[in-house]
Amino acid sequence: MSNELVVMPRDQFAELLRDVINEEIEAQIGPLKAVIAVKQKDACKAAGITDNTARNKTKRGEIEPLQRDGSSLNYFELKHVPGLKPRSNRRNK
């Protein structure tokens, strides 16, 4: 590591620090996302969407749910929850 002094604006430093922290968190938590599953209801609540939106995205193949045998209850891997974002409102654009 260099002993060089770097001067930058505070907001640029804050953004750089956020990026480094987010990368470290992702490196630590990322592998867990493949083994953690959440109920559709909880995934929808976290993503701010309705159950119908999740069902529609599943039918279109945009997201892949996990299912229990003999149950219609959907589970999603935690890594797929960000893909449940609501559709943008095109009228406001």
Side-chain angles (χ1 to χ4, degrees):
M1 187 167 183
S2 163
N3 290 333
E4 185 177 326
L5 177 64
V6 177
V7 178
M8 65 178 70
R10 178 182 226 154
D11 58 337
Q12 184 180 356
F13 174 73
E15 183 177 342
L16 179 63
L17 185 58
R18 262 191 309 274
D19 290 345
V20 168
I21 291 170
N22 286 338
E23 287 173 12
E24 183 61 28
I25 290 171
E26 183 62 31
Q28 296 295 319
I29 294 177
L32 293 175
K33 290 181 181 178
V35 295
I36 296 175
V38 293
K39 288 182 183 178
Q40 178 174 310
K41 174 182 164 186
D42 296 328
C44 292
K45 185 175 181 181
I49 62 169
T50 65
D51 283 343
N52 285 338
T53 299
R55 276 195 279 302
N56 290 336
K57 287 179 180 261
T58 299
K59 285 178 186 175
R60 290 192 300 265
E62 294 175 24
I63 52 173
E64 186 72 31
L66 303 171
Q67 290 189 285
R68 294 190 314 191
D69 291 336
S71 172
S72 62
L73 183 62
N74 282 339
Y75 285 83
F76 294 97
E77 290 180 45
L78 193 58
K79 66 182 179 182
H80 292 304
V81 173
L84 292 171
K85 291 184 180 167
R87 199 161 113 180
S88 64
N89 189 347
R90 296 179 189 170
R91 292 180 190 155
N92 291 338
K93 291 185 177 184

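Numbering starts at 1 and runs along the sequence shown.
For N22, the side chain to side chain contact (heavy atoms under 4.5 Å, CB included) test picks out no residue, with sequence neighbours left out. Under the side chain to side chain contact (heavy atoms under 4.5 Å, CB included) criterion, D51 pairs with Q40, C44, R55, sequence neighbours left out. By the side chain to side chain contact (heavy atoms under 4.5 Å, CB included) test, E24 is found to be paired with Q28, residues two or more places apart in sequence or in another chain being considered.
The structure places OG1 of T50 at 7.5 Å from CG of N56, a figure rounded to the nearest 0.5 Å.
Taking hydrophobic clusters as Ile, Leu, Val, Met, Phe, Trp and Tyr residues chained together by side-chain heavy-atom distances below 4.5 Å, V20 does not share a cluster with M8.
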*Determine, step by step, whether L16 and Q12 satisfy the side-chain contact (heavy atoms from CB on, under 4.5 Å) criterion, reporting the C-alpha distance in whole Å, the side-chain angles of both residues, the deciding distance to 0.1 Å, and the verdict.*
CA-CA 6 Å; L16 179 63; Q12 184 180 356; 5.7 Å; no

